[in-house]
Every structure is written in structure tokens, then in C-alpha cells.
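Read the structure below first, then the notes.
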Protein chains: 2
Amino acid sequence: MHERRYDRAGTCVPRLPAQAPGPRPTTPRRARSAAISEARRIPEATVARLPLYYRALLEMTDQALSTVSSEQLAELAGVNAAKVRKDLSHLGSYGTRGVGYAVAALVDEIARELGLTHDSPVAIVGLGNLGHALANYHGFGARGFRIVALVDADASKVGERVGELTIEGIDDLDALVADREVAIGVIATPAAAAQEVADRLVAAGVGSILNFAPAVVTVPSGVSLRKVDLATELQILSFYQQHRMPAALGADAPGLRDPRPRAGVT
Amino acid sequence: MHERRYDRAGTCVPRLPAQAPGPRPTTPRRARSAAISEARRIPEATVARLPLYYRALLEMTDQALSTVSSEQLAELAGVNAAKVRKDLSHLGSYGTRGVGYAVAALVDEIARELGLTHDSPVAIVGLGNLGHALANYHGFGARGFRIVALVDADASKVGERVGELTIEGIDDLDALVADREVAIGVIATPAAAAQEVADRLVAAGVGSILNFAPAVVTVPSGVSLRKVDLATELQILSFYQQHRMPAALGADAPGLRDPRPRAGVT
DNA sequence: GCCTGTGAACCTTTTCACAGCA
DNA sequence: TGCTGTGAAAAGGTTCACAGGC
């Protein structure tokens, strides 16, 4: 009764190498993998770092720097040089041996890969403290995204103005998603409402959801889902704080751009 | 000049298996790893899931359920059963074969591992939109954490009341961290200020930092750091939206507690 | 019969190390 | 000489499948 049905999809982003149905009784479960190919598949871990590189490169552009080495970019992005090279190699060759990467070309390429060359319409559902903050947060709406709708179930909030938008009722969700071609739904409701909101967003045609509610939300296979859980983050920190990590080991941070030798406190 | 110095620590949480200094020229770089042992090391990935289990188990407690199978817990937490069993096995044996796990005992054990048996004092630095939202966000301060200070560099904000606290000036940071034994610092400042705030928090003795600013921040080895970057999350979603993932593959979500067959929309 | 605990297989990600090109 | 691009090795994480206890 529970033979297949791997979850996962409900946890992050649609997972490519998921199991083909038909689990084999013993070890030899493979059989697919050949034809998936799709030549330029970019690993999930790399995708998650592209935004970091993108931000770092934009800073360089502002400073009118035209080329950058993997080492420099690594420092700005807070990763290591080997990773930068491997990651960028997945995009194709935008570097020149002995020189580095052309900043402008790389910015363009990453923007294209991330789909930032056009704005994606975003709807925020739930306008409590967090929803308000997200709606106003400059830089959340920036660069490749445009908040086009604010939705709340609370009738007393409907009509309220937030920034340039007016809060609308949840009953208008369907129409509004369709009209404004909302691509990404942000859930900032209480936990109890999160799943239902997700269902409605998906039903209305939204293809990606960012969930801030402290609840597990699941979506059908075609839909992307990511979550940001503040309490969880604190708890993870708490774990490491308590288990005062082995002390030794745990390499030092790279040092970023400023010559700060090692950051205060000795 | 850059032989060792792996960054990483600046990116997430203190990383155990980081390189021992003294990188060997060729392959045989090992030499440590033996004595690290520490018998009950819990893998990073498992630590990141403990909060999920914890939340799910608390819900079960509310419903007066006394035992839970890995399968049930998996569904509530949005992961799969094998992972649940593996994860919990790292905590020791809290399950009974043929029966399941004792909810109460498990809650206690996870709370202890995560250090939630006592409240950790939290300071929020930067009270713009996001900082305000975090300060008010119920559930952010809940369960194992207590916000004990709000700090902002803007003199015009100092003295303003937010919930039960009053915003204090950044010059008081040192004293206030020491007095109230702040363990976790939350950075909700503009990107440009993030590194300096982190430095000051560390210098004042804070051991863990949660960074919301869209900037790379680095900290010395002993300090834990996690980041939450809203723009990054959107960009990752944008990538998957654009590359309309292979469609096939990508297993369905588990279905959560309600019998919703597959979530609306078919 | 049922469900945990776990070795082993598998897959992904990271890191190393160096060939190859400007 | 300097830095990218990349095979290969290592580490980490996930999933399978089943032994073993209730």
C-alpha cells in the first residue's frame, strides 16, 4: 500500500531523477537514466548558487570591472573557486583561460538561465506582519519579479492599500491569477491556511510557490515549491550552538573583499 | 597565497569535515577522520530535518496520540519513511519494533538535541519592514527562543516601541548582548550594513547568526551562520519555472494527513 | 504480521589535481 | 605564467531491502 509514492516533491523543487514507477524487488532497479540526457542539465546545487553569482557579478558591473577570476568571484559569493568553475562550466564556456570570465557576458547568461530577462508576476497571499513586510521589501520585488497582487482572506483587510497595490479578497484569486498571469505565489498565511491556499493557487494555474507558513505543504508534480521557515532556521542554529561544534576543524571564512584579517574577537 | 583557506563556513553552519590544514600535494589527503569520532555525530541533513519532525510531533501531542510510525511521521513532515527511520536512528533508539515511536519521548529527545529545553535569547538588528515583522511574528519568538533586544543604527528609530520591546541604538549592542546573554543575532539590515553588524555581533560574543540581508557575510570559525535570502528563493523558482522541468518524473507529493487524493486541479 | 534499525547500493555534490589554452 | 575546464576521487546523503524484535 505504500510501495512507491516517494514524496520529496512536496519538499523542494521538482526533482528530476525521481524514481520511475515500478520498483524492482531487488537491487537491479535502474533501467531509466539513459534517455533523460537533456544535454545541458544543471545540477540542483548549482542552480541554488547561480543567484549568488548573479548578485556578486552585478556588484562588479557597478564597479566597472570587466573580467573576474573564479577565485575573485568565489570570494564575493562566499564559496570556493573550484565550485565556481564547476558551476559555470555547466552553463557553457564563458571564461578565457589565463584571464577569467567576462563579467557582462556572464551576467547575461545567468540572467537568461534564471529567467530574469523578463519579469515574473508574483502574488502574495496573507498580509499579516510578514506579508506586509514582503510586499514592501524592496529587492523582493526587484530584479526579475513584479508583485502584481496582494490577497487576504480577512474581509476587513480587503481594500487596504499597501504600497502601490490594494489588498484583494481570496475569492478573487482565480480571476486575478489568470488575468495578471501570476507565475509565483507567495504564501504568508498562518500555518492552518497554507495547504488550502496552495491548492487554490495551483488550481488557478500558478506554477511555483514560495511558502513562508510554518507548515508542510504539498503540491502536484508539475509545480515547484520552496519553503522558508524562520523557526526552523533558529532551531538549526540552536542545535549547533548547543553542540559547540568540535571547535577544531571548520575552516575559516574566506575574508570577503575587505582586508579584515579575520573578523573581530580574535 | 591561497593554498588552503576553504571558505564554506561563511555560507552555512560550521562544517565538521572541513579540511585539516596542510593540504597534501597529491591524492593522499586524509590523515584525520579517525579520531574525530564523537560517537553520536548527527549528519547536517538530519539536523535540518529535526525541526520538521519536532513540529509534526507537537501536532500529534495536541491530538493526544501516543505513538507514531515512521510512515505517519514521514507524511506529517513531508519526507519519506526511510529517511525518518535513518534520521531518528541517529538520536538513539526511541522506537519499538512492530509498534512505532513514543511521541512524548521523541519530542523530549528532539527538544533536547535542538537545545529547546531552555530559551535562547535573540537580538534582532535592523528594524525596517522585515525586522518589524520578525519582531512581531508570533512563532518566531516561540518555542525555545525569546527576543530580548531590538537594535537599529537609525537614531530616529531608537526609543520606538515594538511589541513589548523598545528599539535601542547600535552603540549599546555590546553591553546589551553581554547583559542579556544574547545567543543568536538576527540581521535584518540593508545589505551594505550586514557584514559590519555581523562583526559587531561576533565581537560582542554572539555565537550564531541568522542573516536576512541579501549579502554574503562571513564569520570566524567558531560561529554558526545561516542565511535566508528571499530574492534568491524567487530566482531559484524562476529557474525551474522557465525550464519547465521534464514533466515526467518527479514523484507526487505524499498527500499529507487529509485524504485529498492528489490536490485539486487534477 | 508489523514496524524499527541498519548494512549496502546508489546518487549527488564537493574537492582535488592537472591538462590545455591564452 | 595564469587561469579555466574537467576527469577522477572522496564525501555526503538518500533509498533499498531485509534481518530482527515485538
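Every chain is numbered from 1, with letters handed out A, B, ... down the list of sequences.
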Calculate the interatomic distance between [X] atom [atom1] and [N] atom [atom2]; express it in whole Å.
| X | N | atom1 | atom2 | result |
| --- | --- | --- | --- | --- |
| L73(B) | dG5(C) | CG | P | 12 Å |
| D87(A) | dT14(C) | CG | P | 7 Å |
| E44(B) | dT13(C) | CD | P | 14 Å |
| K83(A) | dT12(C) | NZ | P | 17 Å |
| L91(B) | dG5(C) | CG | P | 10 Å |

Partners passing side chain to side chain contact (heavy atoms under 4.5 Å, CB included) against [X] (at least two apart in sequence or in another chain):
| X | answer |
| --- | --- |
| T61(A) | V103(A), V107(A) |
| A104(A) | none |
| A215(B) | A191(B), A194(B) |
| S70(A) | A81(A), V84(A), R85(A), Y101(A) |

ask   = OP1, OP2 of dT14(D) versus side-chain N and O of N80(B): anything below 4.0 Å?
value = no
ask   = Between dT14(D) and R49(B), is there an OP1 or OP2 to side-chain N/O distance shorter than 4.0 Å?
value =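 R49(B) to dT14(D) OP1/OP2: side-chain N or O found under 4.0 Å.
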query = Taking Q195(B) for the side chain and T218(B) for the main chain, is one N or O donor matched with an acceptor at less than 3.5 Å?
reply = yes
task = With sequence neighbours excluded, give me every salt bridge (Lys or Arg N to Asp or Glu O under 4.0 Å) pair touching residues 47-58 of chain A.
result = R49(A)-D87(A), R55(A)-D229(B)
note = Scoring nucleotides 1-8 of chain D by protein non-hydrogen atoms under 4.0 Å (B base, S sugar-phosphate only, - none) yields -BBBBBBB
